[in-house]
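First comes the structure, then the notes that go with it.
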There are 2 protein chains.
Amino acid sequence: MAVTDEAIERIKEMIVSGALRPGDRLPKESELAAELGLSRNSLREAVRALSLIRILDVRQGDGTYVTSLDPQLLLEALSFVVDFHRDDTVLEFLAVRRILEPAATAMAAVRIPVEELDALEGKLDALGPQPSVEELVASDLEFHRGIVQGSGNSVLCSLLDGLSGPTTRARVWRGLTQEDAVSRTLHEHRAILTALRDRDAEAARSWATVHVASVEQWLRSTL
Amino acid sequence: MAVTDEAIERIKEMIVSGALRPGDRLPKESELAAELGLSRNSLREAVRALSLIRILDVRQGDGTYVTSLDPQLLLEALSFVVDFHRDDTVLEFLAVRRILEPAATAMAAVRIPVEELDALEGKLDALGPQPSVEELVASDLEFHRGIVQGSGNSVLCSLLDGLSGPTTRARVWRGLTQEDAVSRTLHEHRAILTALRDRDAEAARSWATVHVASVEQWLRSTL
DNA sequence: TGAGACCAATACATCGGAGGTCTGGCGGCG
DNA sequence: CGCCGCCAGACCTCCGATGTATTGGTCTCA
């Protein structure tokens, strides 16, 4: 195995084993390089790779630290990966989302705080009757994120966040706004909110399914 | 932004825009470095980072190539990330799996080929009445992977594969084998197979739910 | 005495070059 | 025609030096 790959494994092992804990500072480049028995350049490649997927956080002039390792942070790299997929696999991502989103919405029905529901409704109200594409995308993203956060599962939340990345979403919306789907989507958002207020998990699940499925269907007919 | 990060974005952009397609070979280090306006060392850091998440494939003595970009390949990096999580978040990953696995099993019920079912049953038969821990883990992993592949959604398949990574699974099994859960698990596997043979999606979904939930419950009571 | 500016130490960022190693292809030899 | 060794190309690793951002202490001034 190449020295750099070995360094990646060694650093990973140090973190997994607990020798390095979240927030800990790594020895400085030169020391760590000597410790692992390689040059600074090679070590830097390892550190950079781990930095890309948010395992490490390098701060110039300060040092290199282990991140919080929150699922949210680590799965953020997922959206980077999703960006590489073209339209032909978007449907598969959307199918996964159609599984997760209703489940998350149903989970949220029994535990999301009323204040959060109020906040979400307020944001829907703030959206005018003729929102721009950018506003719609932002609103949609925020709406779903708010609900999924209400599920109380941060892994689920981050996963959906990554799957519904800006790129995918934007691609979908770009054409979707040409149709009358805008008002229908907003109506579905309202329906989901109502179901959540009623603490009706099954209704919430159904509305979420309908919501995602309608996007999926439109996309399938277009591609 | 640092030159290396910029290089990562530039390379990503080249791939997403289609300038570089799967399987394409990148210009050699020195040329690409000159083209992007940075040193080879910095470029190497960028390439190494993209290589870690399976976007690029560097072959010593040959060149650097764009991978197939299959969802399967890219989501493989997910298991690397999952490895960093400790027991306290395993439950959240398992909860996500409890959502996805039944759905995938139900999808498989209507489309998995009979030959695949035969193969899976054959593997269960090959497992003796007193399998070792390693055999059990391997069998369990292979069984679920075979079924999920039958769902026909490669994204879903890779996602579950990553979530049920060897580490997580091994941790769970290590203690689980102490109980009588072994025979129960094997029995559940048989039941899932039967439901799939009957093309009974609902039964398959239910058995998969029971299967994952039992592991989750045991884990919850142990932690 | 307290606040703000200055400065030096620290640590990462970037660079260019040199030597090593592996791969694949070309040509010679049997 | 097939096998084997040579060789050019490309990545691997390392070194040493310079640039740059942050930090924290110190010094000066009000």
Side-chain angles (χ1 to χ4, degrees), chain A residues 1-15 19-69 73 76-77 80, chain B residues 1-15 19-69 73 76-77 80:
Chain A
M1 188 188 294
V3 282
T4 301
D5 295 306
E6 190 182 341
I8 292 176
E9 283 301 320
R10 294 276 295 275
I11 295 174
K12 175 183 175 181
E13 193 51 40
M14 281 195 279
I15 296 175
L20 284 175
R21 303 204 302 170
D24 277 2
R25 176 182 180 161
L26 273 68
K28 62 178 174 183
E29 280 185 338
S30 56
E31 285 181 11
L32 187 55
E35 190 176 328
L36 297 180
L38 40 65
S39 75
R40 284 200 312 284
N41 273 330
S42 301
L43 173 65
R44 277 183 57 78
E45 289 181 18
V47 169
R48 174 72 68 174
L50 290 172
S51 164
L52 179 68
I53 56 175
R54 315 301 172 95
I55 301 294
L56 297 180
D57 177 29
V58 294
R59 298 203 284 251
Q60 184 179 163
D62 186 359
T64 303
Y65 299 81
V66 180
T67 65
S68 63
L69 296 183
L73 204 58
E76 200 176 290
F80 188 92
Chain B
M1 189 189 293
V3 283
T4 300
D5 294 308
E6 191 182 340
I8 292 176
E9 284 300 320
R10 293 277 295 275
I11 296 174
K12 174 183 175 182
E13 192 53 39
M14 281 193 279
I15 296 175
L20 284 175
R21 303 203 301 170
D24 277 2
R25 176 184 179 157
L26 273 68
K28 62 179 176 184
E29 279 185 338
S30 56
E31 285 181 11
L32 187 55
E35 190 177 327
L36 297 181
L38 40 65
S39 74
R40 282 201 318 286
N41 274 328
S42 301
L43 174 65
R44 279 184 56 78
E45 289 180 17
V47 170
R48 173 73 67 175
L50 290 172
S51 163
L52 179 67
I53 58 176
R54 314 300 173 98
I55 301 294
L56 297 180
D57 177 29
V58 294
R59 285 180 247 164
Q60 183 178 167
D62 186 358
T64 303
Y65 299 82
V66 180
T67 66
S68 64
L69 296 181
L73 205 56
E76 200 175 290
F80 188 91

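Note that the structure is predicted; figures quoted are calculated from it, not measured. Just so it is clear: chains get the letters A, B, ... in the order the sequence lines come, proteins before strands, and each one is counted from 1.
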Spacing of A:Glu6 atom CD relative to D:dT13 atom C1', expressed in whole Å | 13 Å
Walking DNA chain D from its 5' end, the first of A:Leu38 and A:Gln60 to be reached, judged by nearest nucleotide, is A:Leu38
May I have the distance from A:Tyr65 (atom OH) to C:dT10 (atom P), rounded to whole angstrom?
-> 15 Å
Can you check side chain to side chain contact (heavy atoms under 4.5 Å, CB included) on B:Leu52 and A:Leu52, steps first, answer last?
-> CA-CA 9 Å; B:Leu52 179 67; A:Leu52 179 68; over 6 Å; no
Does B:Thr4 have a side-chain nitrogen or oxygen under 4.0 Å from the phosphate oxygens OP1 or OP2 of C:dA13?
-> no
Across the strands shown, which category fits A:Arg44 at heavy-atom distances under 4.0 angstrom: base, sugar-phosphate, nothing?
-> base
Nearest-angstrom distance from the residue atom CG of B:Asp5 to C1' of C:dA13 = 11 Å
Atom pair distance, as rounded to whole Å: CD in B:Glu29 and P in D:dT13 | 11 Å
If only side-chain N and O atoms of A:Ser42 are considered, is one of them under 4.0 Å from the OP1 or OP2 phosphate oxygen of D:dC14?
-> yes
Starting at CZ of B:Arg59 and ending at C1' of C:dT21, how long is that distance when rounded to a whole Å?
-> 17 Å
Of the nucleotides D:dC12, C:dG24, C:dA18, which one has an atom closest to the side chain of B:Arg40?
-> C:dA18
Taking the nucleotide of DNA chain C with the closest heavy atom to each, which residue, A:Gly63 or B:Gly61, is nearer the 5' end?
-> A:Gly63
Between A:Ile8 (CD1) and D:dT13 (P), how many Å, whole number?
-> 11 Å
Check the distance between D:dG16's C1' and B:Asn41's CG and give it to me in whole angstrom.
-> 12 Å
Is the shortest heavy-atom distance from the side chain of A:Leu32 to the side chain of A:Thr64 under 4.5 Å?
-> no
Got a donor-acceptor contact below 3.5 angstrom from the B:Arg44 side chain to the B:Glu29 backbone?
-> no
Return the value, rounded to whole Å, for the distance between atom CD of B:Glu45 and atom C1' of D:dT13.
-> 14 Å
Option passing side-chain contact (heavy atoms from CB on, under 4.5 Å) with B:Ser39 (candidates B:Leu43, B:Leu36, B:Asn41) = B:Asn41
A:Lys28 side chain: which of C:dG24, C:dA11, D:dC12 is closest?
-> C:dA11
5'-most by nearest nucleotide on DNA chain D - A:Asp62 or B:Arg25 | B:Arg25
Positive for side-chain contact (heavy atoms from CB on, under 4.5 Å) with B:Thr67, one of B:Leu50, B:Asp57, B:Leu56 = B:Asp57
N or O in side chain of A:Thr64 less than 4.0 angstrom from C:dA11 OP1/OP2 | no
For B:Ser30, which contact category applies under a 4.0 Å heavy-atom criterion: base, sugar-phosphate, or nothing?
-> nothing
